[in-house]
Amino acid sequence: MNDRAPSLPAAHLRGLTPETLVAVFPEIGFDMSQARRVITRLVHDYGSDLHGIPGLKKAKAEALLAASRLERLEVTDRRRSAVDPFVKYLFRASDGRAFETVRIPLEQPRFSVCVSSQAGCALKCAFCETGRMGFERNLEPWEIVDQVLRVRSESPERPVTGVVFQGQGEPFQNYENVMTAADVLRHPCGGRIGSDRITISTVGLLPLIDRYMEEGRPYRLILSLTSAFDGKRQSLLPVAGKWPVEALAEAMKRLARRQRNVINLAWVLMSGVNSGADEARELGRLFRGERVRLSVIDVNDPTGRFERASDEERGAFQTALSENEIPFVRRYSGGPDIHAACGMLARQARGGEAHAV
Ligand code: SF4
């Protein structure tokens, strides 16, 4: 019988901060200023070697490269929208797993990057193409960081100033790796993205919202609510059966007080499903007296089971939100010509049906 523990894969250097680099490779003996220069070269500058780093001896650089990994993700598809500056990437990891990333144009002008945190997703939300794929695996921290660095390297015309964890996967089901990636992305030697510009979107795993708050994480958390009624919410997001809306609302209020911030909510708007005044009234009741911002996102369901609300229907919902003192923003999810909803390109890449959008 072989009772040796399986060996862990070598650490990937783009999943590390200078502090963790020093801790992970004690035998190489980096001091903090060397570690900062190494991570700045590999993450901030997206370099692929350690040549010529001041104060870093060649033997030390070679020892580090021999003990670690530094590969990049492969881009297997890259679709530019003909109607706006959205670009959708399909990445492939070395084990063949495919996942998507979207470059989102912001005003100013700047870009934000919508990243995947998992290949596939286990949560099976009724309106989501990724949910229909099922779960494949969690992404490693470097695989999340690399999505941002690659998009940034191909977008010199505008700075990348934001990251949103709203691609494939439920970020809180890959909690540790998502937090590690966010820490690398905000680090001055890493992505240099402001922590208030890093947004993590969850469908609401209550124990992890509490953990996130207790750990004092500095990022922006959005609760994807999508219905204010337990029964309907559970029919759309099966995981919602575990935690009632009321308890999620209370957790988000606690977090907002702790962070001294607004309560961020997201709402995937579906015609005839969650666009009624009853939903707006219930939101008004749940969050009375609180500072709230609701992001309204049009559904993008290639099966046609869930349809986008018409301008008139959406307008009536937004009026009802205003009447119930729920401030909202409409999020444009971009380029239907590039299949911008998460899961569509990955599903095609796996040989699934290519739905017309
Ligand atoms: S909406 Fe998000 S959590 Fe739900 S199945 Fe899709 S990727 Fe998973």
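Ligands are counted one by one from 1 in listed order, and the atoms in each one are counted from 1 as well.
- Look at C121 and atom 8 (Fe) of ligand 1: an N/O/S atom of the residue is under 2.8 Å from the metal.
- With contacts defined as side-chain heavy-atom distances shorter than 4.5 Å, the pair V245/R233 qualifies.
- The pair R137-E143 counts as a salt bridge, with a side-chain nitrogen and a carboxylate oxygen less than 4.0 angstrom apart.
- Tested against N274, the residues F306, F127, W267, F229 include a single side-chain contact (heavy atoms from CB on, under 4.5 Å) partner, W267.
- V299 places none of its side-chain heavy atoms less than 4.5 Å from the side chain of E307.
- Those atoms of ligand 1 with a heavy atom of G131 less than 4.0 angstrom away are 5 (S).
- Those atoms of ligand 1 that come under 4.0 Å of a heavy atom in K124, given as number and element, are 5 (S).
- Per-residue contacts place V203 under 4.0 angstrom from the following atoms of ligand 1 (heavy atoms of the residue considered): 3 (S).
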